[in-house]
Amino acid sequence: MIRGSCLCRGYQFEIDGRISDLHRCHCSICRKATGAGAIAILATAVKSFKWVCGEDSIQKYDRPGGWTTSFCPTCGTPAPHLSPNRKVWSIPAGCLDDDPGKHVAEHIFVGSIASWDSVSPGAAEYDEWGPDDQG
Ligand SMILES: [Zn+2]
Ligand SMILES: [Zn+2]
């Protein structure tokens, strides 16, 4: 069992099942949305993910062009969101309370990485989407 929550603990969730390795997205949109160089994301199947509390309060921002982010309205922490195909949850690794025991397997949108950011050695790098990512 891996637990996660936002900074104010307004939302909390549990993962009971397999999780993916992490990817870090360096695109300019994730950079703005997180205030960091990149967001680290992992995925788990719908059946493995359960909200403990706070699901109903989570806010969404739909950016024109089709990009969506979810976040806690009280503290602003990015929140897990269901993929467009509704098969997996995409989970910001920074909101996990437990060690997922996974590593960063790939860096995506390295083509738009900030000049002050860097990638971790040994991970795959893609200028845009990686081969296994959901659009
Ligand atoms: Zn919060
Ligand atoms: Zn991104």
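All heavy atoms count here, side chains included; hydrogens, waters and symmetry mates do not. By convention here, the first residue in the shown sequence is residue 1. Just so you know, ligand 1 is whichever comes first in the structure, and atom 1 is the first atom listed for that ligand. What you are looking at is a predicted structure, and each value in this text was computed from that prediction instead of being measured.
Cys27 contributes SG and Cys25 contributes SG; the angle these two atoms make at the Zn ion (ligand 2) is 110°, rounded to 10°. The Zn ion (ligand 1) lies at the vertex of an angle of 110° between the SG atom of Cys75 and the SG atom of Cys6 (rounded to 10°). Note: angle at the Zn ion (ligand 1), from SG of Cys72 to SG of Cys8, is 110° (rounded to 10 degrees).
Within the structure, ring pair (Phe, Tyr, Trp, His ring centres under 6.0 Å) pairs that include any residue of residues 36-77 comprise Tyr11-Trp51, Phe13-Phe49, Phe49-Trp51, Phe49-Trp89, Trp51-Trp89 (at least two apart or interchain). The stretch residues 28-48 participates, sequence neighbours left out, in no ring pair (Phe, Tyr, Trp, His ring centres under 6.0 Å) pair at all.
Separation of the His107 and His23 ring centroids does not fall under the 6.0 Å cut-off.
Counting backbone and side-chain atoms alike, His26 contributes no N/O/S atom closer than 2.8 Å to the Zn ion (ligand 2).
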- Task: Please lay out, stage by stage, how Asp97 and Arg9 fare under the test salt bridge (charged side-chain N to carboxylate O under 4.0 Å, His left out).
- Result: CA-CA 11 Å; Asp97 295 313; Arg9 298 191 63 79; 3.7 Å; yes
